[in-house]
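Read through the structure below, which is laid out as structure tokens, and then see the notes.
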Protein chains: 2
Amino acid sequence: MDTIGFEAHDHKGCVRDAIAAVETHCAEHKLQFTPVRRRVLEILLSEHRAMGAYEILDILRDEGLGSQPPVVYRALDFLVTHGFAHKIERLNAFIACTHPGQNHTPAFLICRQCDAVAEAHAEPSKGMLGRAAADTGFVIEQAVVEAMGLCPKCCKGAANCA
Amino acid sequence: MDTIGFEAHDHKGCVRDAIAAVETHCAEHKLQFTPVRRRVLEILLSEHRAMGAYEILDILRDEGLGSQPPVVYRALDFLVTHGFAHKIERLNAFIACTHPGQNHTPAFLICRQCDAVAEAHAEPSKGMLGRAAADTGFVIEQAVVEAMGLCPKCCKGAANCA
DNA sequence: TTGATAAATGTAACCCTATAACATATCAAC
DNA sequence: GTTGATATGTTATAGGGTTACATTTATCAA
């Protein structure tokens with residue numbers, strides 16, 4: 001299971017590696033990994049949590065990389081479209097992908113207390129959802145799977161947490 | 001399979017029955033099924049699709065039932081809290097529940113072309129998501145499952161739809 | 001290398017979604 | 001009836017996202 005997100009890890013290294021992987025992927029697919037796009041991904045990777053678009057924009061503004069909403073939304077759109085980042089619908093926020101490049105359907109575990117987010121792997125075509133779709137003739141193109149709850153840390157602190 | 005939403009059906013009857021069911025449920029649980037709450041549910045049931053809060057508010061305003069956002073958001077909050085309606089995160093919209101009263105985790109099939117929405121049943125604790133949660137010690141309290149794609153009708157009209 | 005085309009950015013204005021805060025009214029139960 | 005809780009009315013504002021259009025930068029073929 002490739003769930004990541006609730007454990008400690010070598011963070012500088014993981015940021016560096018992820019950027020390098022995206023760089024390679026962009027070169028291979030003739031995608032422009034421009035300064036703004038790169039910086040937005042760096043921010044998401046370093047913070048390692050779900051961030052609002054305007055929160056990211058504040059940082060860009062401080063760095064002179066752009067000051068208007070479309071700047072960050074365009075960068076995020078690029079990152080999400082190519083699978084380098086994901087949108088967490090439930091939070092209206094964005095998070096860097098933990099295994100970019102690979103074609104995948106992400107599922108998220110979101111802690112309601114500390115807002116930590118872990119990315120797992122979903123297979124929407126299988127399971128009950130896939131069966132429901134097949135039964136009705138619905139063709140699934142994309143899926144949002146987001147579980148809210150308590151992460152291990154916050155669960156320990158809670159009174160009566162299962 | 002209790003997927004509903006892409007088939008024709010006796011609509012007046014289904015609205016009437018659903019309202020009656022909610023009425024009973026509220027009486028049994030000492031919940032106040034007030035005029036605004038009832039009307040919002042009626043609107044959602046009759047339209048039989050995902051509606052934005054402000055779209056609903058427009059109708060309420062025309063009927064003199066309230067003109068400010070909190071009116072509709074409070075009613076929606078009541079309906080969602082008690083499982084009489086659901087929020088579709090992906091659309092920032094709301095839809096009446098197709099089997100109110102029962103405690104359930106809904107999953108939605110959303111047509112990207114005609115915006116039709118069908119409600120199916122999900123079991124987040126099972127499947128890959130449940131396994132990922134169990135592995136990391138995450139406790140799932142609630143889940144959002146939304147599949148985007150093409151409904152049977154729109155699929156037929158599309159060029160190369162699986 | 002230059003010129004044409006496409007892609008990306010800068011910027012202003014605006015729209016949609018949602019909540020905070022506080023006053024008022026209504027209900028439920030003793 | 002009085003009281004405490006629940007629901008509504010209303011103003012203002014916060015937060016998230018897009019449209020539209022001008023300008024610049026990259027790509028690629030001639």
Side-chain angles (χ1 to χ4, degrees), chain A residues 22-23 26-41 43-44 49-82 84-95 112 115 144 146, chain B residues 22-23 26-41 43-44 49-82 84-95 112 115 144 146:
Chain A
V22 170
E23 214 157 37
C26 285
E28 281 170 359
H29 293 76
K30 308 208 178 191
L31 300 173
Q32 296 181 235
F33 196 38
T34 66
V36 184
R37 291 170 178 176
R38 167 191 289 262
R39 187 64 191 119
V40 170
L41 181 57
I43 291 168
L44 286 174
R49 62 185 174 90
M51 299 180 74
Y54 280 72
E55 194 181 353
I56 298 169
L57 181 56
D58 286 342
I59 299 177
L60 294 181
R61 187 178 293 121
D62 287 349
E63 298 175 351
L65 271 171
S67 60
Q68 302 302 322
V71 172
V72 69
Y73 278 104
R74 284 194 281 235
L76 287 168
D77 186 60
F78 171 86
L79 297 173
V80 169
T81 297
H82 296 96
F84 306 143
H86 301 292
K87 178 169 189 185
I88 311 287
E89 296 289 343
R90 184 60 193 254
L91 303 177
N92 292 324
F94 300 82
I95 193 165
R112 66 168 155 82
D115 275 340
V144 173
E146 298 172 3
Chain B
V22 170
E23 213 157 37
C26 285
E28 282 171 357
H29 294 76
K30 308 209 177 190
L31 300 172
Q32 296 181 234
F33 196 38
T34 66
V36 184
R37 292 169 178 178
R38 167 190 291 263
R39 186 66 191 116
V40 170
L41 181 58
I43 292 168
L44 286 175
R49 62 185 173 90
M51 298 180 74
Y54 281 71
E55 195 181 350
I56 298 169
L57 181 57
D58 286 342
I59 299 176
L60 293 181
R61 185 179 294 121
D62 287 349
E63 298 174 352
L65 270 171
S67 59
Q68 301 305 319
V71 172
V72 69
Y73 278 103
R74 285 195 281 235
L76 287 168
D77 185 61
F78 171 87
L79 296 174
V80 169
T81 297
H82 296 96
F84 306 143
H86 301 293
K87 177 169 188 185
I88 310 287
E89 296 287 344
R90 183 62 192 254
L91 303 177
N92 290 323
F94 300 83
I95 193 164
R112 67 168 155 81
D115 276 338
V144 173
E146 297 172 4

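Proteins get letters first, then strands, A, B, ... in listed order; numbering begins at 1 in each.
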* To do: Find the distance B:Leu65:CG to D:dA7:P and express it as a whole number of Å.
  => 17 Å
* Structure fact -> Outermost contacting nts on DNA chain C, any atom under 4.0 Å from chain B heavy atoms, listed 5' then 3', are C:dT17 to C:dA29
* How would you list, by chain and number, every residue that makes a side-chain hydrogen bond (donor to acceptor under 3.5 Å, both in side chains) with B:Asp115, sequence neighbours excluded? -> none
* To do: Using whole Å, report how far CD1 of A:Ile56 lies from C1' of D:dG15.
  => 14 Å
* How would you list, by chain and number, every residue that makes a side-chain hydrogen bond (donor to acceptor under 3.5 Å, both in side chains) with A:Asp77, sequence neighbours excluded? -> none
* To do: Can you tell me the distance, in whole Å, between the CD atom of B:Gln68 and the P atom of D:dT13?
  => 14 Å
* Protein-to-nucleotide contact annotation, 5' to 3' order, nucleotides 17-28 of chain D [B base; S sugar-phosphate only; - none; under 4.0 Å, heavy atom] -> BBB------S--
* Asked: Taking only residues two or more places apart in sequence, or in another chain, which ones meet A:Arg112 in a salt bridge (Lys or Arg N to Asp or Glu O under 4.0 Å)?
  -> B:Glu141
* Those residues that, when tested against B:Arg61, pass side-chain hydrogen bond (donor to acceptor under 3.5 Å, both in side chains) (two or more places apart) -> B:Asp58
* To do: Give the angle between the helix axes at the two ends of the helix from C:dT1-D:dA30 to C:dC30-D:dG1, taking five base pairs at each end and rounding to 10°.
  => 40°
* Asked: Got a sec, which residues hit side-chain contact (heavy atoms from CB on, under 4.5 Å) with B:Glu28, two or more places apart in sequence or on another chain?
  -> B:Thr24
* To do: For residues 67-76 of chain B, pull every pair meeting salt bridge (charged side-chain N to carboxylate O under 4.0 Å, His left out), keeping only residues two or more places apart or in separate chains.
  => none
* Asked: Which residues satisfy the salt bridge (Lys or Arg N to Asp or Glu O under 4.0 Å) test with B:Arg39, sequence neighbours excluded?
  -> B:Glu42, B:Glu63
* Asked: Sequence neighbours excluded, which residues qualify as side-chain hydrogen bond (donor to acceptor under 3.5 Å, both in side chains) partners of A:Glu23?
  -> A:Arg38
* Asked: Taking only residues at least two apart or on different chains, which pairs with a member in residues 51-73 of chain A satisfy ring pair (Phe, Tyr, Trp, His ring centres under 6.0 Å)?
  -> none
* Asked: From A:Glu146 CD over to B:Arg90 CZ, what is the distance, rounded to the nearest 0.5 angstrom?
  -> 10.0 Å
